[in-house]
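None of these values were measured; they are calculated from a predicted model.
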Amino acid sequence: MNSLKLRTAGMAVSAAALSIALAACGSSGPAGTGASGDSATMWGLTGGDQPVVQAAVDSWNKTHPDSAIKLDFFANDAYKTKVRTAVGAGQGPTLVYGWGGGVLKSYVDAGQVDDLTGFLKENPEVQNRYLPSILESGVIDGKTYALPNNKVQPVVLYYNKEVFDKIGAEAPKTWDDLMALVPKFKAAGVAPFSLGGQSKWPDLMWLEYLVDRIGGPEVFANIAANKPGAWSDPAVIEALTKIQELVDAGGFINGFSSIAADSNADQALLYTGKAAMILQGSWIYQGMKKDAADFVTSGKLGYTPFPTVEGGKGDPANVVGNPTNFWSVSSKATEEQKKTALEYVKDGMFTDENVQGLIDSGAVPVVTGIEDKLAASPDKDFLTYVYGLAKDAPDFTLSWDQALSPAQGDAMLANLDQIFLKKITPEQFASTMNATIGK
């Protein structure tokens, strides 16, 4: 099997820090599972994977009452701040959920997560179950600090086929195509694009793809490598300019800055026909499959690669997003908690039931030998599309807010929000971000 080709953006893009959030209340494991004060703890995200993770932990706790795991879920946006604060204070969960990149590197540099290299050597069956390049994403300075725990997650351009049919339009293949659709949808009373701008990180997907399409992956590689002045690259300025041109044209739904992605409000605008398109991660398919099953099964949901930009240097097959999410093990946990965590990683996840559960939820697990299972799924068209996107990508760039250091990532999202709101210019954005280089 071909492995996914992933970019490490000038650093070892490992695994431990999704942008999660505190907005939702935690949900502990079921009563009577044997969890005690010294139980291993796990924090997960609400949303598409939640039932699958809960089922895996419930099964583990039922068969391992003396090494039960206490599981809590949090909404994506709040988790990001919560977990970084908790880990920094030595009070994080035993199993730290993350994305990799600069956030994971900050944990490693501070000695807050364990080196798992020896664990893999002792348990080659764990190492062999993963797509090789995905596993490599958990490596920093030649050592493994994070192990994949769920699915492949490229960013996809989704569209509502029914809305497109009403105006006789086709999915955009170029940026010019995309801009030409804006007035047509507006004339039909439909917002061209939905956007969860309140959450800020959905804004980033536009910048990531445009910079790649215009300048190629080397532009962000220079940023991630802390090259002085890298944010002033002409590709960055042009990408920011195009974003503001799209805003000026009315490309995004009115009030986008008050729409939260955590509540799935952005995707609801797509399947209810209020918006024609949305640029989002492959993970929102799970939400739409659950909340708008008829929309998905009726064939009204379309998906396509991000458009090309005339004169751009980037390969049209490049993707951005998250290779997967990961578990790291807290160095501050007790030896008993660490033992439980590693036993769960070895035997409690990516079981046949767990893999099938992920596929049934509308996701592509990051393990080998699943082609037949994907082909047998009712969601085979989307799942094989996503698998192919990632597998065949010449370059798969990790989400910038995770690839960069926490300080840079936070500054970038805050300033990108100002770009979308037309409160700063592209040049001002670049100047501000250049000042964060190396921080």
Side-chain angles (χ1 to χ4, degrees), residues 154-214 238-285 287-288 291-292 295-296 300-309 319-321 399-400 413 416-423 426:
V155 172
V156 176
L157 180 59
Y158 300 89
Y159 62 100
N160 186 318
K161 291 182 179 179
E162 188 174 42
V163 173
F164 267 68
D165 289 345
K166 284 181 179 178
I167 69 164
E170 295 183 354
K173 291 183 172 58
T174 69
W175 185 257
D176 289 342
D177 291 343
L178 183 152
M179 291 298 293
L181 286 173
V182 171
K184 294 179 181 178
F185 282 119
K186 290 184 65 180
V190 176
F193 287 97
S194 176
L195 179 66
Q198 181 178 309
S199 298
K200 296 185 177 62
W201 54 263
D203 299 351
L204 180 57
M205 298 174 185
W206 287 93
L207 180 60
E208 291 167 338
Y209 260 130
L210 279 168
V211 167
D212 180 89
R213 293 294 188 263
I214 295 166
E238 183 179 345
L240 294 167
T241 301
K242 287 187 181 301
I243 287 171
Q244 292 194 323
E245 289 172 351
L246 183 56
V247 172
D248 283 340
F252 299 105
I253 193 160
N254 290 337
F256 66 82
S257 63
S258 62
I259 297 172
D262 269 357
S263 64
N264 294 345
D266 55 347
Q267 57 189 267
L269 293 168
L270 177 75
Y271 61 71
T272 57
K274 294 181 174 63
M277 295 170 278
I278 185 172
L279 185 65
Q280 254 285 16
S282 59
W283 55 85
I284 75 165
Y285 183 84
M288 290 188 285
D291 298 334
F295 175 71
V296 173
K300 295 178 182 177
L301 175 64
Y303 33 88
T304 189
F306 192 84
T308 60
V309 175
V319 296
V320 304
S399 297
W400 294 7
L413 292 180
L416 187 56
D417 178 55
Q418 299 297 293
I419 284 286
F420 274 79
L421 295 174
K422 297 293 301 293
K423 292 186 176 179

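Checked by atom type and distance alone, the side chain of Gln267 pairs as donor or acceptor with a backbone atom of Met288 at under 3.5 Å. Ser199 contributes no side-chain N or O that, together with a main-chain N or O of Ala260, makes up a donor-acceptor pair within less than 3.5 Å. In this structure, the side chain of Gln244 engages the main chain of Ile419 through a donor-acceptor pair within 3.5 Å. Side chain of Tyr271 to main chain of Lys300: no donor-acceptor pair is present (N/O by atom type, distance under 3.5 Å, no hydrogens or angles). Between the side chain of Glu162 and the backbone N or O of Gly273, no donor-acceptor pair lies under 3.5 Å. Between the side chain of Thr308 and the backbone N or O of Thr174 there is no donor-acceptor pair closer than 3.5 Å.
A pairwise comparison of heavy atoms in Gln280 and Ala261 identifies NE2-CB, 4.1 Å as the closest pair. For the residue pair Lys274 and Ile253, the shortest heavy atom distance occurs at O-CD1, 4.4 Å. When all heavy atoms of Val182 and Ala249 are compared, the closest pair comes out as CG1-O, 3.4 Å. For the pair Gly251 and Pro192, the tightest heavy-atom approach, listed with the atom from each and the gap, is O-CB, 3.3 Å.
Comment: Lys423 does not engage Asp417 in a salt bridge, judged by the lack of any side-chain N to carboxylate O separation of less than 4.0 angstrom.
Note that the CZ atom of Phe164 and the CG atom of Leu181 stand 5.5 Å from one another [nearest 0.5 Å]. Going from atom CE of Met205 over to atom CG of Leu416 covers 11.5 Å, rounded to the nearest 0.5 Å. To the nearest 0.5 Å, atom CE of residue Met277 and atom CG of residue Leu270 are 9.5 Å apart. Taking NZ from Lys166 and CG from Asn160, the interatomic distance works out to 8.0 Å, rounded to the nearest 0.5 Å. One finds the CD atom of Glu238 at 4.0 Å from the CD1 atom of Ile214 (value rounded to the nearest 0.5 Å). Within the model, atoms OG of Ser194 and CG of Asp266 stand 5.0 Å from one another, a figure rounded to the nearest 0.5 Å.
Between Thr272 and Phe295 the shortest side-chain heavy-atom distance does not fall below 4.5 Å. Side chains of Leu246 and Met179 form a contact here, defined as non-hydrogen atoms less than 4.5 Å apart. Annotation: side chain of Leu157 is in contact with side chain of Pro172 (closest heavy-atom distance under 4.5 Å). In this structure, Leu279 and Tyr158 have side chains that are not in contact, with every pair of non-hydrogen atoms separated by 4.5 Å or more. Looking at Tyr209 and Val319, their side chains come closer than 4.5 Å, going by heavy atoms from C-beta outward. Side-chain contact between Phe306 and Val155 is absent, with no heavy-atom pair separated by less than 4.5 Å. Between Trp283 and Pro154 the shortest side-chain heavy-atom distance does not fall below 4.5 Å. Side-chain contact check for Ile278 versus Leu195: every heavy-atom pair is 4.5 Å or farther apart.
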Between Asp262 and Gln198, does a side chain to side chain contact (heavy atoms under 4.5 Å, CB included) hold up when you go through it step by step? CA-CA 10 Å; Asp262 269 357; Gln198 181 178 309; over 6 Å; no
Hey, mind stepping through Lys186 and Val190 against side chain to side chain contact (heavy atoms under 4.5 Å, CB included) and telling me if it holds? CA-CA 5 Å; Lys186 290 184 65 180; Val190 176; over 6 Å; no
Leu421/Ser257 under side chain to side chain contact (heavy atoms under 4.5 Å, CB included): CA gap, chis, key distance, verdict: CA-CA 8 Å; Leu421 295 174; Ser257 63; 3.7 Å; yes
Leu413/Asp203 under side chain to side chain contact (heavy atoms under 4.5 Å, CB included): CA gap, chis, key distance, verdict: CA-CA 8 Å; Leu413 292 180; Asp203 299 351; over 6 Å; no
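Between Tyr285 and Tyr303, the gap from one ring centroid to the other reaches at least 6.0 Å.
For the ring-ring contact (aromatic ring centres under 6.0 Å, His included) with Phe193, the lone residue among Phe185, Phe256, Trp206 that qualifies is Trp206.
In this structure, Asn254 places its CG atom where only 12 or fewer heavy-atom neighbours from other residues, nucleotides or ligands lie under 6.0 Å away. Taking a 6.0 Å sphere around CD of Glu170, one finds it holds 12 or fewer heavy atoms contributed by other residues, nucleotides or ligands.
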